[in-house]
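Just follow the structure's listing: the first ligand is 1, and inside any ligand the first atom is 1.
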Amino acid sequence: MGAKILVVEDDLESLKLIGLMLQSRGYQVLAAQNGPQAIQKAVTESPDLVLLDVMMPGIDGYEVARRLRADPRTAHLPIVMLTARGQVTDKVTGFEAGADEYLVKPVHPAELLTRIEALLARAARLGPSVVAPRGKSIGILGCKGGVGVSTLAINLAFTLVRGPAAGKRVVLLDIRTGSSTLALQLGLRPQQGLRILAERDPAGLTADAVLAHADRHASGFLVLGGLPEPCGIAPPLLPPHVEAIMRSLEEAMDFILVDMGTGLSEANRILLRRLRYVLIVTEPQRISLLMTQALLAMLDNLEVGRHRQGIVIVNRIPASATPGKEVVENFLQRQILCVIPPAPELAFQAAERGMPMVMLQPESLVATQFRQLAEHLVAV
Ligand SMILES: Nc1ncnc2c1ncn2[C@@H]1O[C@H](COP(=O)(O)OP(=O)(O)OP(=O)(O)O)[C@@H](O)[C@H]1O
Ligand SMILES: [Mg+2]
């Protein structure tokens with residue numbers, strides 16, 4: 001199979017022409033007609049090269065190139081810019097944005113092909129120096145505190161290793177250095193690990209260095225949690241540390257689950273850019289739903305694509321007048337991915353024993369819901 005080329009072009013005719021020309025030379029062609037689609041496909045389809053038009057409505061080609069370069073998952077992709085704008089300043093902008101080649105339309109097919117071949121050959125010579133990350137990162141973010149984020153995270157980790165991700169390497173990571181309950185909820189001793197990592201030079205945070213601080217749960221997944229002491233005592237993880245830890249874990253693990261707590265801290269904003277998928281935890285109560293609405297609007301502002309979001313209802317409190325799934329969907333104008341039913345007795349027993357609910361009662365309704373959720377996450 002030939003190399004995979006992502007062709008980004010808003011004009012359908014040009015897109016078809018270029019696509020056919022590349023296919024006739026044995027290349028596989030992926031198409032995107034606008035910036036957001038291009039960025040998404042660059043992440044999910046792992047092309048070998050991007051052929052990028054500059055003039056597009058919305059996010060233009062320069063911005064697409066900048067974003068591809070800023071994202072470690074796509075930073076290594078060879079980019080050929082193809083544009084009608086031939087001024088020197090346009091070229092400078094193109095190269096500054098991250099283009100490897102800049103061709104002005106109309107370009108002769110032979111020249112285009114030569115440039116593409118040369119770039120692919122150069123990328124092959126450099127080898128897999130920038131290894132595309134293999135791990136799937138999934139964040140869990142609460143619409144407010146105490147809605148069941150950590151409970152969701154530990155039950156999901158357990159369900160994954162016992163089900164659809166059996167034999168895979170799963171790590172559960174806390175992004176806050178304090179106010180952490182992961183270890184306590186799993187019957188493990190809270191570790192200083194995250195705090196120590198926060199004080200290290202981020203350049204030295206290799207997968208081995210990071211995982212040296214992880215604990216292993218009996219079911220097989222790794223845990224890298226913070227301390228139960230209040231947030232604000234230990235310094236928070238700074239952006240370079242968040243990036244380095246995530247990069248290392250994506251290299252070494254198959255699934256990275258991140259307990260993001262609540263709110264859009266600097267660390268959480270970085271995560272939202274990087275994560276493959278984010279679960280937003282809400283509950284069917286007026287105040288939580290209003291906060292969820294505000295959070296979802298912010299996620300749109302931060303351009304977290306909706307295809308990367310899943311809304312989960314954790315229905316902690318059995319109340320007679322609890323709004324149902326459809327009511328919540330109508331209110332939020334969004335689909336709900338999964339509903340975890342109320343299980344106060346089970347939640348209490350599990351917390352007391354320091355084990356996931358699904359471990360204590362694998363046949364419960366809660367466990368069934370977690371299995372469905374885990375299967376969905378393996379597939380996204
Ligand atoms: N399905 C459920 N039914 C009943 N109670 C639940 C359910 N899921 C979680 N709980 C309970 O809700 C409480 C809050 O859960 P958890 O600590 O996971 O929330 P959190 O969002 O992580 O909180 P924080 O913001 O403090 O980190 C816990 O007492 C937990 O046992
Ligand atoms: Mg929590």
- Query: Any luck finding a side-chain donor-acceptor pair between Gln33 and Gln37 under 3.5 Å?
  - Reply: no
- Message: Any atom of ligand 1 sitting under 4.0 Å from a heavy atom of Pro344?
- Response: yes
- Using a strict cut-off of less than 4.0 Å between a Lys/Arg side-chain nitrogen and an Asp/Glu carboxylate oxygen, indicate whether Lys91 and Glu96 qualify as a salt bridge. no
- Item | Check: Gln191/Asp215 side-chain N/O donor and acceptor closer than 3.5 Å | yes
- Query: Are side-chain N/O atoms of Arg308 and Gln40 paired as donor and acceptor at under 3.5 Å?
  - Reply: no
- Query: Quick one: does Arg176 get an N or O within less than 3.5 Å of an N or O on ligand 1?
  - Reply: yes
- Item | Phe348, any N or O under 3.5 Å of ligand 1 N or O | no
- Message: If I apply the N/O under 3.5 Å rule, does Met357 come out as touching ligand 1?
- Response: no
- Does the pair Arg67/Glu63 count as a salt bridge with the N-to-O cut at 4.0 Å? yes
- Message: Which heavy atom of Val328 sits nearest to which heavy atom of Pro323, and what is that distance?
- Response: CG2-O, 4.3 Å
- Determine yes or no for a side-chain-to-main-chain donor-acceptor pair under 3.5 angstrom, with Lys136 supplying the side chain and Val378 the backbone. yes
- Task: Could you tell me the residue and atom name of the protein heavy atom closest to atom 3 (N) of ligand 1, and the distance to it rounded to 0.1 Å?
- Result: Ala343 N, 3.0 Å
- Task: Only counting residues at least two apart or in another chain, list the ones meeting ring-ring contact (aromatic ring centres under 6.0 Å, His included) with His217.
- Result: Phe221
- Message: I'd like to know if atom 21 (O) of ligand 1 has any protein heavy atom within a distance of less than 4.0 Å.
- Response: yes
- Subset of ligand 1 atoms that lie under 4.0 Å from at least one heavy atom of Gly145: 25 (O)
- Taking only Lys NZ, Arg NE, NH1 and NH2, and the carboxylate oxygens of Asp or Glu, determine whether Lys4 and Asp48 approach each other closer than 4.0 Å. no
- Closest protein heavy atom to atom 7 (C) of ligand 1, given as residue, atom name and distance to 0.1 Å: Arg316 CG, 3.6 Å
- Side chain, backbone, both or neither: the part of Ser179 lying under 4.0 Å from ligand 1 by heavy atom: neither
- Query: If every non-hydrogen atom of Ala207 is compared with every non-hydrogen atom of Ala252, which pair is closest and at what distance?
  - Reply: CB-CB, 3.6 Å
- Nearest protein heavy atom with distance in Å, relative to atom 19 (O) of ligand 1: Gly148 N, 3.0 Å
- Heavy-atom nearest neighbour of atom 18 (O) of ligand 1 within options Leu182, Thr151, Ile140, Leu346: Thr151
- Task: Could you see which bit of Val314 sits under 4.0 Å from ligand 1, with heavy atoms only: side chain, backbone, both or neither?
- Result: side chain
- Would you mind checking if Lys105 and Asp11 are paired as a salt bridge, meaning a charged N to carboxylate O distance below 4.0 Å? no
- Query: Of the backbone atoms (N, CA, C, O) and the side-chain heavy atoms from C-beta on, which set of Ser150 has a member under 4.0 Å from an atom of ligand 1: side chain, backbone, both, or neither?
  - Reply: both
- Identify the residue among Leu152, Ile311, Leu373 that makes a side chain to side chain contact (heavy atoms under 4.5 Å, CB included) with Cys338. Leu373
- Message: I'd like to know whether ligand 1 has Gly146 as a neighbour, heavy-atom separation below 4.0 Å.
- Response: yes
- Look only at interatomic distance and state if Val149 has a nitrogen or oxygen under 3.5 Å from any nitrogen or oxygen of ligand 1. yes
- Query: So is Val147 polar-close to ligand 1, meaning N/O to N/O under 3.5 Å?
  - Reply: yes
- Task: May I ask whether Gly261 places a heavy atom under 4.0 Å from ligand 1?
- Result: no
- Using distance alone, determine whether Asp259 and ligand 1 share an N or O pair under 3.5 Å. no
- Query: Of all the heavy atoms in Ile340, does at least one lie under 4.0 Å from an atom in ligand 1?
  - Reply: yes
- Geometric N/O contact Pro341 with ligand 1, under 3.5 angstrom: yes
- Message: For ligand 1 and Asn315, I'd like to know whether there is a polar contact (N/O to N/O, distance under 3.5 Å).
- Response: no
- State whether Thr151 contributes an N/O/S atom found under 2.8 Å from the Mg ion (ligand 2). no
- Across all chains, not counting sequence neighbours, the side-chain hydrogen bond (donor to acceptor under 3.5 Å, both in side chains) partners of Asn155 are none
